[in-house]
Amino acid sequence: MAHQDTGVGQIDSVEEMLLDDQAVAEQVLKVKEERNAVILAHNYQRPEVQDIADITGGSLELSREAAKTDADVIVFCGVHFMAETAHILSPDKIVLLPEMHAGCPLADMAEAGQVARAREENPGAVVVSYVNTTAEVKAVSDYCCTSSNAVHVVRAVEGDRVLFVPDRNLGRYVADRVDKEVILWDGYCSTHDRITVEQVESALEAHPGAEVIAHPECRPEVLAVSDHIHSTSGMADAALRSNAVEFIVATESGMLYPLGKAAPGNSFYSPAEEPLCPTMKLTTLASVLWALQTLEPRITLPEEIRVRALGAVERMLALRPFPPGGEGWDGGGL
Ligand code: 13P
């Protein structure tokens with residue numbers, strides 16, 4: 001194919017581009033060994049980034065697994081709050097977020113000052129914060145939760161009023177399944193909130209017989225037409241347990257890659273308009289390599305915030321009955 005000669009670093013073919021990716025991946029693995037690093041990749045990351053990771057999965061489980069390793073360095077291929085969580089759980093390891101601008105718009109919809117005020121306005125309400133929050137928000141919360149255990153956590157905490165921060169869709173999903181008053185924060189994940197019933201139905205028309213798996217950050221009307229509702233780490237099990245062979249997956253489209261690997265006999269499709277999280281896609285093999293070489297950008301927190309945020313995570317872990325499989329647990333990792 002003809003191309004314009006733009007000079008240095010020109011790539012002439014797809015094969016050359018792939019080789020280049022492969023060369024960068026080899027470098028990443030070499031520098032990773034030298035640094036005694038562990039690479040984590042969230043399920044929404046680009047396939048080539050998931051492929052070089054030591055551990056892939058959902059947000060909190062990655063940080064918990066990394067804390068168990070003897071690595072000196074954690075490279076978190078994900079978004080900012082996830083790297084903060086890794087630092088909360090592993091304060092003695094260096095935590096790197098290869099793309100400093102990889103934020104989570106949902107996490108940014110709640111600020112610690114606002115949550116502290118809402119707590120004052122709702123005396124007696126227990127504050128449960130989704131893991132998709134800043135460390136400062138976790139530090140002013142009673143409990144943390146994940147999308148796999150949110151129902152369980154809200155059921156298990158003391159009291160009958162809960163302030164649920166920041167995702168209104170996950171909060172509504174929880175409220176419908178517990179016997180408590182749940183006060184909703186008005187936050188949302190724009191990637192999930194944009195998914196419509198029409199987009200799901202249009203994908204179903206193209207794949208009649210498919211079942212719908214949705215993340216609980218989707219709107220209630222999308223959840224209402226779904227066969228399975230799961231955190232990202234609970235989705236593969238749901239597909240493997242089902243008799244269906246085709247699935248419409250209402251979550252960020254990066255999820256199709258790990259699902260395809262976990263259940264190769266099945267086919268997975270996005271709703272009609274592909275849900276893409278722009279910040280999840282910022283991290284590339286090149287940025288991972290740069291982070292490992294320079295040990296930057298590092299994520300740290302003031303110790304006082306870290307310890308208070310850790311308290312919210314530890315109180316969540318102490319709730320009984322805990323191990324996964326308890327009532328209100330979707331089967332996913334933590
Ligand atoms: P999971 O905890 O299900 O991986 O969700 C993370 C997330 O950010 C969903 O948007």
Side-chain angles (χ1 to χ4, degrees), residues 40-45 49-50 53 55-66 76-86 89 97 99 102-110 128-134 137-138 144-153 164-171 173-174 185 187-195 213-219 222-223 226 228-239 249-259 262 270-271 274-283 313 316-317 324 328-334:
L40 314 179
H42 187 265
N43 286 319
Y44 297 159
Q45 290 288 297
V49 172
Q50 296 195 35
I55 316 174
T56 55
S59 44
L60 186 58
E61 67 179 297
L62 287 175
S63 289
R64 296 192 74 211
E65 289 303 317
F76 212 126
C77 305
V79 291
H80 196 272
F81 79 84
M82 297 181 183
E84 276 189 347
T85 309
L89 298 186
L97 180 68
E99 285 293 338
C104 171
L106 166 61
D108 293 339
M109 287 182 192
V128 176
S129 286
Y130 188 26
V131 66
N132 296 39
T133 45
T134 62
V137 166
K138 290 183 181 77
C144 183
C145 77
T146 67
S147 48
S148 46
N149 70 11
V151 173
H152 169 74
V153 168
F164 192 88
V165 182
D167 191 281
R168 65 186 182 205
N169 292 331
L170 178 61
Y173 167 79
V174 170
W185 197 265
Y188 56 92
C189 161
S190 49
T191 304
H192 286 94
D193 201 64
R194 256 200 310 268
I195 300 172
I213 308 179
H215 194 280
E217 286 176 26
C218 290
R219 289 188 207 172
V222 171
L223 298 183
S226 300
H228 313 272
I229 301 170
H230 286 286
S231 63
T232 63
S233 48
M235 288 183 176
D237 265 1
V249 185
T251 193
E252 212 278 345
S253 64
M255 190 65 218
L256 300 189
Y257 185 64
L259 283 174
S270 281
E274 185 182 350
L276 270 173
C277 171
T279 57
M280 276 285 182
K281 295 297 187 268
L282 284 177
T283 306
V313 176
M316 170 193 83
L317 294 174
W329 203 292
D330 83 343
L334 262 177

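Whatever order the structure lists ligands and atoms in, that order sets their numbers, starting from 1. Because the structure is a prediction, the values reported are computed rather than measured.
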Inset, instruction - List every atom of ligand 1 that sits less than 4.0 Å from any heavy atom of S231, numbering the atoms from 1 in the order shown and giving each element. - result: 3 (O)

Inset, instruction - Could you tell me whether ligand 1 has any atom less than 4.0 Å away from a heavy atom of H192? - result: yes

Inset, instruction - Applying side-chain hydrogen bond (donor to acceptor under 3.5 Å, both in side chains) between H192 and each of R219, E217, E252, report the one that passes. - result: E217

Inset, instruction - State, with a plain yes or no, whether a side-chain heavy atom of N43 is found less than 4.5 Å away from one of Y257. - result: no

Inset, instruction - Tell me which protein heavy atom sits closest to atom 10 (O) of ligand 1, plus the residue, atom name and distance to 0.1 Å. - result: E217 OE1, 3.0 Å

Legend entry - Heavy-atom nearest neighbour of atom 8 (O) of ligand 1 within options T146, V79, N132, T191: N132

Legend entry - Partner of S129 by side-chain contact (heavy atoms from CB on, under 4.5 Å), out of V313, D167, V165: V165

Legend entry - Heavy atoms of other groups near Y188 OH, more than 12 under 6.0 Å: no

Inset, instruction - Mark the output for H42 as yes if a heavy-atom distance to ligand 1 is under 4.0 Å, and as no if none is. - result: yes

Legend entry - Side-chain donor-acceptor pair present, T134, E84, cut-off under 3.5 Å: no

Inset, instruction - Classify the side-chain pair Y44/S253 by whether it contains a donor and acceptor separated by less than 3.5 Å. - result: no

Legend entry - Geometric N/O contact T232 with ligand 1, under 3.5 angstrom: yes

Legend entry - Any donor-acceptor N or O pair under 3.5 Å, side chains D193, S190: no

Legend entry - Proximal ligand 1 atoms for S147, defined as those under 4.0 Å from one of its heavy atoms: 1 (P), 2 (O), 3 (O)

Inset, instruction - Looking only at protein heavy atoms, identify the closest one to atom 5 (O) of ligand 1 and say how far it is in Å. - result: H215 NE2, 3.4 Å

Legend entry - Closest approach of any protein heavy atom to atom 2 (O) of ligand 1, naming residue and atom: S59 OG, 3.1 Å

